[in-house]
Structure formats: C-alpha cells, structure tokens
Amino acid sequence: MRHRCLILLVACLGGGLVVISLSAEDAEVVIVEYPVPNEYPPGELGEIVKLGREIVEKTNEHPLSKAYVGNALTCSSCHLKAGTVPHAASFLGTATAYPAWAPREKRVITLEDRVLNCFMRSQNGVRPPKGSKISIAITAYITWLSTGSPIKMNHARSLGPDHVKPLKIKPEQADATRGGTLYATQCADCHGKSGQGTPEGPPVWGNQSYNDGAGLSHNDKLAAWLKVAMPLDEVNLSEQDALDIAAYVNSHPRPRFVLREHLPKPERLGVYDW
C-alpha cells in the first residue's frame, strides 16, 4: 500500500506568511503567500493608510474614532498586531473577499460595511458614517494589506482567505466550569480575574467588552479564535480547552445589542465631504 505524505512548512518572513506544501509522492511544491507590504503608498494615500493603522491600534483612544467606541477594545484586540498575525483574524488578503455575501445582514456588503458593523458590535459603539475619514482610513489600511493578492469575492460569507477556521469539536461539548479553572491559570494574568482587563490584555466581559451582538459572543466563534490566537505568542490550547474557556467567558454579563442604539442619526448615515 502506498502512503501519501504531506508536509507543511510554515514560516513568517518579513511579517508575512509563507506556506510550502511538499508531497512525498510527486514532489510537488506549492507556495502561498500573504505578505505584509514593505512600503506605504506615496502621497496622501500613504498618509491615509498610516492613519488607518493608527486607528486600528488605538481605536478607543484615537481622536477620530474614540467617540464611536463604547468599550475598552481596539480593532487590534481581536485582529492581533493590527491584523498582521496570520490566521488570528488576520487582515492579510481580507480585502480580496469583498464585496461579499453576509448571512447575518442577508445581503451583499462591502469591506466598509463590515468595518463599520464592528464598531456597533465588537466595540459596542455607534456606527461611523459611510465615507467618513475613519472608515476610509481603516478600509484603506486593510486593502493595503491585500497588496498583490488576487481578488476572490466570497459568495458564502463575508470572510477573507485567512479567516479563523471553525473547530471540529461541537459547541455542546463545552464545560464552562472547567473553562473557569483554565481561565484562572491561562488568561487571568492578562485579562483580570474578573474579566475587567489589564494593561496587557483587554476586558473579556462586562460593560467594557464586546456586546452580545458580536461574533465572539458565540462560543464556537470565540473558541475558534482562542485556539489560534491565545495565549498571545504562545498558542497552546486544545480544541476542548478553547471551547471551555469560551463558554466560561461568555457565561458572564455583557452589554445587550439593540441595533437602533448603535446607528448614527439618519443625516449622518453617510457623508459627502467635497
């Protein structure tokens, strides 16, 4: 009997991801790259891209965005290192997926829509106006991180090529009690014993965390993210560990999502600044 051997070599080069697939049977080599671009665009476009990264990293404090944020989270709280960490809700290649079908909204949405919806849900704030400097800057930055990647619009859901993969384990297998024990040993140092956050990590429940309309409020989605992203720079959770911690975290109170409370006034739904 012949056995087909598949070897995956993963390396971070220049901040990007290179995956080399080697088949022992046919010696085929396939390389897939999602590199971080080396240079900002020239002129004003480059300045807007830089501004977008600043907002992503300091969303709750930046003068342009803080009025639209309702908690202590930044975009980088979920999209680690300004979205440049492969597979941990990465922004690398993400812009290539849009426009995309969004099952939650039941319509096709743009990248700008997706960004602005995060302000309402993950950041428990108010949706910035379409076409505003905030939304243009963030989407310009995310688009810059897709430089050189082929466009492949997503007909199934509004996710990029490096989106977090779902776990194989079923959500019903979660044990929140065990998750509490794991949280105390694996997470509390960064996120606080009461989930309130610390200078090293954002709050994970309570009024300063994401609301119950955010994707991470679903145990399966939070668990999938934890599996590939936490602990930061030392990922070591099993699927069961990640699911149990997710169940424990999401068993605590957090703001309730009511759509009308997160929309701007009708006259500020979009802006035209010429």
Side-chain angles (χ1 to χ4, degrees), residues 8-19 32-37 52-53 55-60 71-98 100 111 114-115 117-118 121-123 138-139 141-147 149 154 157-169 179 182-183 186-187 189-191 197-198 200-204 209-210 214-247 249-250:
L8 292 179
L9 305 178
V10 182
C12 286
L13 302 178
L17 174 71
V18 178
V19 180
V32 180
E33 296 187 54
Y34 297 108
V36 178
R53 178 161 189 151
I55 295 173
V56 164
E57 293 179 318
K58 301 177 180 178
T59 326
N60 63 329
N71 57 25
L73 304 186
T74 70
C75 299
S76 286
S77 296
C78 298
H79 307 281
L80 304 181
K81 298 182 181 178
T84 63
V85 176
H87 303 313
S90 174
F91 287 153
L92 297 172
T94 293
T96 65
Y98 292 85
L111 176 60
R114 185 68 181 83
V115 167
N117 286 346
C118 271
R121 297 172 182 272
S122 295
Q123 292 173 315
I138 295 176
T139 52
Y141 169 66
I142 295 173
T143 301
W144 175 69
L145 289 178
S146 294
T147 299
S149 302
N154 196 330
R157 59 191 64 241
S158 52
L159 295 170
D162 245 350
H163 66 85
V164 177
K165 304 297 188 293
L167 301 185
K168 296 177 182 178
I169 193 171
L182 289 169
Y183 179 90
Q186 296 271 47
C187 317
D189 283 350
C190 286
H191 299 284
T198 72
E200 284 72 44
V204 291
S209 189
Y210 54 87
L216 294 185
S217 68
H218 300 276
N219 291 343
D220 56 341
K221 292 185 178 180
L222 176 56
W225 183 85
L226 291 171
K227 178 68 176 67
V228 297
M230 292 287 122
L232 185 63
D233 296 327
E234 194 180 344
V235 177
N236 62 13
L237 299 176
S238 68
E239 289 202 351
Q240 187 67 58
D241 291 344
L243 183 61
D244 292 348
I245 292 172
V249 168
N250 282 334

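Nothing here was measured: the structure is a model prediction, and the numbers come from that model.
- Of all heavy-atom pairs spanning L73 and N60, the tightest one is O-CB, 3.6 Å.
- The shortest distance between side-chain heavy atoms of F91 and V36 does not fall below 4.5 Å.
- Annotation: side chain of Y141 is not in contact with side chain of V115 (no heavy-atom distance under 4.5 Å).
- Although no hydrogens or angles enter the test, the distance criterion places no donor-acceptor pair under 3.5 Å between the side chain of H87 and the main chain of V164.
- Residues W225 and L80 form a side-chain contact, since some pair of their non-hydrogen atoms from C-beta on lies under 4.5 Å apart.
- E239 places a side-chain N or O within 3.5 Å of a backbone atom of I169 that can act as its donor or acceptor partner.
- For the side chain to side chain contact (heavy atoms under 4.5 Å, CB included) criterion with S76, the lone passing option out of E57, K58, K81 is E57.
- N236 contributes atom CG, which lies 5.0 Å from atom CD of Q186 (distance to the nearest 0.5 angstrom).
- Side-chain atoms of D244 never come within 3.5 Å of backbone atoms of G179 as a donor-acceptor pair (strictly under, hydrogens ignored).
- Closest heavy-atom contact between A242 and K227: CB-N, 4.0 Å.
- Taking the side chain as every heavy atom from C-beta outward, L216 and C78 approach each other to under 4.5 Å.
- The two atoms that bring P166 and A224 nearest to each other are CA-CB, 4.2 Å, heavy atoms only.
- Side-chain atoms of D241 and M230, non-hydrogen and from C-beta on, never get closer than 4.5 Å to each other.
- Judged by distance alone, the side chain of S146 and the main-chain N or O of A95 form a donor-acceptor pair under 3.5 Å.
- Side chain of S77 to backbone of T74: a donor-acceptor contact under 3.5 angstrom is found.
- With hydrogens and angles disregarded, a donor-acceptor distance shorter than 3.5 Å links the side chain of S209 to the backbone of P203.
- Checking each of V204, L237, I245 against C187 for a side chain to side chain contact (heavy atoms under 4.5 Å, CB included) leaves exactly one that passes, namely I245.
- In this structure, N154 contributes its side chain and A97 its backbone to no donor-acceptor pair below 3.5 Å.
- Between Q123 and C75 the shortest heavy-atom distance is NE2-N, 3.4 Å.
- Annotation: side chain of V228 is not in contact with side chain of V235 (no heavy-atom distance under 4.5 Å).
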